[in-house]
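If you're wondering where the values come from, they're calculated on a predicted model, not measured in any experiment. Reckoned from all heavy atoms, side chains included, excluding hydrogens, waters and symmetry mates.
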Amino acid sequence: MKRLATLFVTVLFLGVLAGCGAVPKEGPESGVGAAGSGGVGADGSGVGRPGGYGSNLDDPNGMGGGRGDMGRIVHFDFNSAMLSAEAEQVLAYNAKMLSKSSGPIQIEGHCDERGTREYNLALGQQRADAAARFLVSQGIQANRIRTVSYGKERPVIKGHDETSWRQNRRAELVSR
Amino acid sequence: MGKRCRQGDPLLNTGVVHSSVWARIKARAVPYFVTAPSKLVAMVPVCVLAVVLFMQGGLAHGALRIDITKGGLQPLPIALSDFVDLSPGGAVLGQNVSGHKLMEVVTADLERSGLFKPLDPKTFIQTPAELWQQGPNFRDWRLIGAEAVVSGAVHEKDGKLVADFFLHDVFQGTLVGKGKRFTAPVRDWRHVAHRIADEIYTRLTGESGYFTSRITFVASKGDMKWLSLMDQDGANRVDLTHDRSLVLTPRFAPTGEQLFYLSYEIGQPRIFRWDLYTGKKAIQGDYPGLNSTPAWSPDGQYMALTLSKDGNPEIYLRNLRSGELRRLTENNAIDTSPSFSPDGSQIVFNSDRAGSPQIYVMDANGGNARRLTFEGSYNAAPSWSPRGDYIAYVSGGGGRFRISVIDPKGQNGRALTDSWMDESPTWSPNGRVILFSRQSGSQSRLYTIDFTGHNERLVNLEDSINGSDPSWSPLVH
């Protein structure tokens, strides 16, 4: 399973590098098949971002789609912008891939729905900045990176429990 | 008498004297409006007499007055009789259509404040026409338990609505203040009603009212968010933004004529200024990274804001005329959510410099920062009352986020609400009521609560619309 995920992430990421990351964030329609979206990526058709926001990922069986996102998403503890060892691994991998190209990179910082809007905007920025600093430490040029905090405005999962919150506390690499 | 302060004997016979004064006023059929100078001349002797009597009977023996400094308020029973509709010639018309509409708004305002208990008009013994033409029969009003009675009349002239009103102290049988006339374009009739409600509120509490004010907030439906503006009672809602950009945290200028707000319309959060009356919009700087939490200085000359351009979220002061920027905080933690004290000398803000988000106060030049909150591991989004005596903020604990208040010395802290996610406190212009948003599930609604923790009320919004990020305007006159 782990190897499968790695393969998926790799293929997915190549898709992103191929410039397909500009596919707009999708509504529920295109994301309905999130559970099987690994397949979409795996056949190399180059769809950049499987799944999308919301309902498709509410399905617990759809977590496979969520795992596919680990290639460009790192998660955080509540009220923290500290990168975990796992997050650093993910980012190091991304840095390696990104160093082969020179395009602009956007890092979005997100929080779970708890806490105030204002504080979460700041916290989301800290998460994006932490990821950005790590990429720079891995040799990515700082001027390629733009950080955007969405605070608690753009949850991946709209549930109101720890499972959802964990998925929503994240920094996400997107091409722009 | 509950929490109300009235030292005088309610059975003082000054009431009789006043009734006769009233009869004389009515006999001349020229009420003494403060805004009708030509009529004033004729009324001067009566005015003087009324004032003298009021001084003696009213002030010397304890005027009708709600003591609003204490908690656990007992609302004042007040009779709000429909205003009578007058013909252009001043004759009383049979049906009080405009007058009834007007009083419905006044009644709703006063009732929602929690300080008044409007009595059921079905119990009124005097009809609106009798009340207007003969003056109050105080015995009748005492009988139904009214402590104050309002009478008035309304007519239209040259496309304008003209409303005259009088406020009476039932027990003393006196006028409370003078009669007053409000004039406004007919389409602004609700504004006239709010002015009357403000006037009653002020005369009976000794503080300025807040009914002629507006609320700006973020409205949402599904994933769409937009800026909206409405009267404080939820009427006259107007949507201000129509593109699909994410918008957040609108903030009224001290004049009430402009807003700052956050928009992602260029793909990143940036602060915009929006002029209510011209519709003009202008970006307020474009700094790399986060630009957020715009706060107006009370003189309208500066904006305090959060920028992350120097490494992490810090508070800066931006001169609105020159665009010059001055950094106010400097540490490795989050500093955000600035809010000025009413005199502009200090800024309350949010920082996690001690490990968890807490409330701090600093001088407006950035010096002398000190921590206000020590209880709980999550205190955020402070908002300084326009009266200066309290700071409202969000306190988290036990998986709940409550609206709380604390004084600027860090004393007298208390939670006012108890819900899963309450946030974005903003004060009524008189510093009495706190407006906030409450999330439950994926719904978000606006609520108000008295700063004593009493009288929590839902703000009317169309059912399918969510409301968040409210900001309360100053009085709109």
At their closest point, which heavy atom of [X] faces which heavy atom of [Y], and how far apart are they?
| X | Y | result |
| --- | --- | --- |
| B:Leu246 | A:Arg154 | CB-NH2, 3.9 Å |
| B:Ser442 | A:His160 | N-NE2, 3.7 Å |
| B:Leu290 | A:Ala122 | CD2-CA, 3.7 Å |
| A:Thr116 | B:Glu423 | CA-OE1, 3.2 Å |
| A:Lys158 | B:Asp223 | NZ-OD1, 2.8 Å |

Between atom CD of A:Gln126 and atom CG of B:Asp352, what is the distance when rounded to the nearest 0.5 Å?
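Taking CD in A:Gln126 and CG in B:Asp352, the distance rounds to 6.0 Å.
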Taking atom [atom1] of [X] as the centre, does the number of heavy atoms from other residues, nucleotides or ligands within less than 6.0 Å exceed 12?
| X | atom1 | result |
| --- | --- | --- |
| B:Met224 | CE | yes |
| A:Asp77 | CG | no |
| B:Arg371 | CZ | yes |
| B:Asp286 | CG | yes |

Relative to each other, are the rings of B:Tyr378 and A:Phe78 parallel, tilted or perpendicular (30° and 60° limits)?
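Rings of B:Tyr378 and A:Phe78: parallel, under 30°.
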Winner by heavy-atom pair count (cut-off under 4.5 Å) against chain A, out of B:Pro357, B:Ala381, B:Gly396
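Sorted descending by pairs with chain A, the first entry is B:Pro357.
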As an exercise: rank B:Gly399, B:Pro288, B:Ser356, B:Gly267 by heavy-atom pairs under 4.5 Å with chain A and give me the winner.
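Option with the top pair count is B:Gly267.
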Determine yes or no for a side-chain-to-main-chain donor-acceptor pair under 3.5 angstrom, with A:Glu118 supplying the side chain and B:Thr336 the backbone.
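A pair under 3.5 Å: no.
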One pair to check against side-chain contact (heavy atoms from CB on, under 4.5 Å): B:Ile334 and A:Leu123. What are the steps and the verdict?
CA-CA 7 Å; B:Ile334 289 174; A:Leu123 182 59; 4.1 Å; yes
So [Y] and [X], do their side chains get closer than 4.5 Å, heavy atoms only?
| X | Y | value |
| --- | --- | --- |
| A:Leu121 | B:Pro269 | no |
| B:Val394 | A:Tyr119 | no |
| A:Arg117 | B:Ser468 | yes |
| B:Met421 | A:Lys152 | yes |

Using non-hydrogen atoms only, which part of B:Leu248 is less than 4.5 Å away from chain A: side chain, backbone, both, or neither?
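Answer is side chain: those atoms of B:Leu248 sit under 4.5 Å from chain A.
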Which portion of B:Thr306 sits near chain A, non-hydrogen atoms under 4.5 angstrom
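Contact with chain A involves no heavy atom of B:Thr306 at all.
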